[in-house]
Q: 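What follows is a single structure, and I will ask about it in a moment.
Atoms within each ligand, like the ligands themselves, are counted from 1 in listed order.
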Amino acid sequence: MKKTVQESLAEVLNRVEKAKVHSGRSSDTVRLVAVTKGVGLDTIQQVVQAGVKDLGENRWQEFRDKFLSEHSIAVRTIQWHFIGRLQKNKVKHVVPSMCCIHSLDRWDLAGEVERRAVQEGKSPFPVFVQVNMTGNPAQGGVKENELFTFLEKLTALEGLKVCGFMTIAPLCQEEKKTRNIFSRLREVRDMARQRKLPGGVPGELSMGMSDDYEWAVQEGATIVRLGRALFGERRP
Ligand SMILES: *Cc1c(COP(=O)(O)O)cnc(C)c1O
């Protein structure tokens with residue numbers, strides 16, 4: 001029988017906990033962002049009722065159709081995370097309605113997010129710098145060798161709060177390769193911390209999806225972004 005959302009959530013939380021203990025991170029907080037792309041409102045309602053407060057969407061249009069319509073769920077307690085490729089012309093919508101952007105990877109985007117954040121009274125606006133650790137351009141993200149230059153420019157913008165870094169693992173699902181990517185991002189984060197950047201220490205690591213979140217937690221993730229592990233396979 002198909003698992004209920006409650007059962008899947010309990011299993012995920014249990015696995016996160018085990019991964020934390022396994023890697024000596026018992027006292028760390030790992031936040032769960034439930035990725036609701038392709039998921040219907042009834043199901044989303046269940047995960048919210050089960051106590052999840054952070055939801056992630058990767059496309060503005062889908063977010064708008066689901067959550068800003070009159071039929072939407074009552075949602076004052078929820079924080080929405082924008083996790084997908086962001087077009088500049090969508091920033092004016094995303095900034096007012098969402099709590100943060102995980103996928104900041106371009107300078108022109110940064111300027112636009114800052115401008116809108118100031119306009120909306122949401123400055124400084126929380127962002128994660130997406131880093132491309134796989135070399136696969138389809139995944140987006142700043143190249144590793146351009147990261148620190150980008151970061152220095154970014155942290156000088158007063159309207160942004162750089163919370164940390166986000167990455168997407170390779171699709172291979174091979175443990176060694178995947179963990180390598182995650183641990184590299186952790187090292188990048190640690191290097192960033194050592195630079196005295198204006199605006200403070202970007203400490204968060206948003207990494208780990210349904211196929212690899214336990215490895216991500218073991219390598220230091222502070223936020224995992226899970227869709228299928230909670231809601232089952234998406235229809236193509
Ligand atoms: C879809 C998506 C996720 C969740 O993926 P699952 O494999 O369903 O857990 C996480 N992060 C991003 C950026 C996504 O687009």
Q: At a 4.0 Å threshold, what atoms of ligand 1 neighbour a non-hydrogen atom of Leu226?
A: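 Matching atoms, with element in brackets: 9 (O).
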Q: Is any side-chain heavy atom of Leu205 less than 4.5 Å from a side-chain heavy atom of Ile223?
A: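 The answer is no; the side chains never approach within 4.5 Å.
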Q: Specify the protein heavy atom at minimum distance from atom 12 (C) of ligand 1: its residue, its atom name, and the distance to 0.1 Å.
A: Ile83 CD1, 3.5 Å
Q: What protein heavy atom is closest to atom 11 (N) of ligand 1, reported as residue, atom name and distance in Å?
A: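 Scanning the protein heavy atoms, the shortest distance from atom 11 (N) of ligand 1 goes to Arg225 NE, 2.9 Å.
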Q: Does even one non-hydrogen atom of His102 get within less than 4.0 Å of ligand 1?
A: no
Q: Got a salt bridge between Arg179 and Glu175, using NZ or NE/NH1/NH2 to carboxylate O under 4.0 Å?
A: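 A salt bridge links Arg179 with Glu175.
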Q: Please determine whether a side-chain nitrogen of the Lys or Arg among Glu152 and Arg195 lies less than 4.0 Å from a carboxylate oxygen of the Asp or Glu.
A: yes
Q: Gly227 versus ligand 1: do any nitrogen or oxygen atoms come within less than 3.5 Å of each other?
A: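 N/O-N/O distance below 3.5 Å exists for this pair.
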Q: Give me the nearest non-hydrogen protein atom to atom 7 (O) of ligand 1 as residue plus atom name, then the distance to 0.1 Å.
A: Arg228 NH2, 2.8 Å
Q: Taking the side chain as every heavy atom from C-beta outward, state whether Ile101 and Leu109 have any atom pair closer than 4.5 Å.
A: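 No, side chains not in contact.
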Q: One residue to check: Val35. Relative to ligand 1, which of side chain, backbone, both or neither has a non-hydrogen atom less than 4.0 Å away?
A: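 Val35 to ligand 1: side-chain contact only, backbone stays beyond 4.0 Å.
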Q: Would you please say whether a donor-acceptor pair under 3.5 Å links the side chains of Gln130 and Ser103?
A: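 There is no such pair between these side chains.
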Q: Who pairs with Lys3 by side-chain contact (heavy atoms from CB on, under 4.5 Å), at least two apart in sequence or on another chain?
A: Glu7, Ser8, Glu11
Q: Please report which non-hydrogen protein atom sits nearest to atom 14 (C) of ligand 1, along with the residue it belongs to and the distance in Å to one decimal place.
A: Lys37 NZ, 3.1 Å
Q: With atoms numbered from 1 as shown, which atoms in ligand 1 lie under 4.0 angstrom from a non-hydrogen atom of Ser210?
A: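 Answer, ordered by atom number: 6 (P), 7 (O), 8 (O), 9 (O).
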Q: Any Lys/Arg nitrogen of Glu214 or Arg15 sitting under 4.0 Å from an Asp/Glu carboxylate oxygen of the other?
A: yes
Q: Name the closest protein heavy atom to atom 5 (O) of ligand 1, giving the residue it belongs to and the distance to 0.1 Å.
A: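 Ranked first by proximity to atom 5 (O) of ligand 1 is Met209 CE, 3.6 Å.
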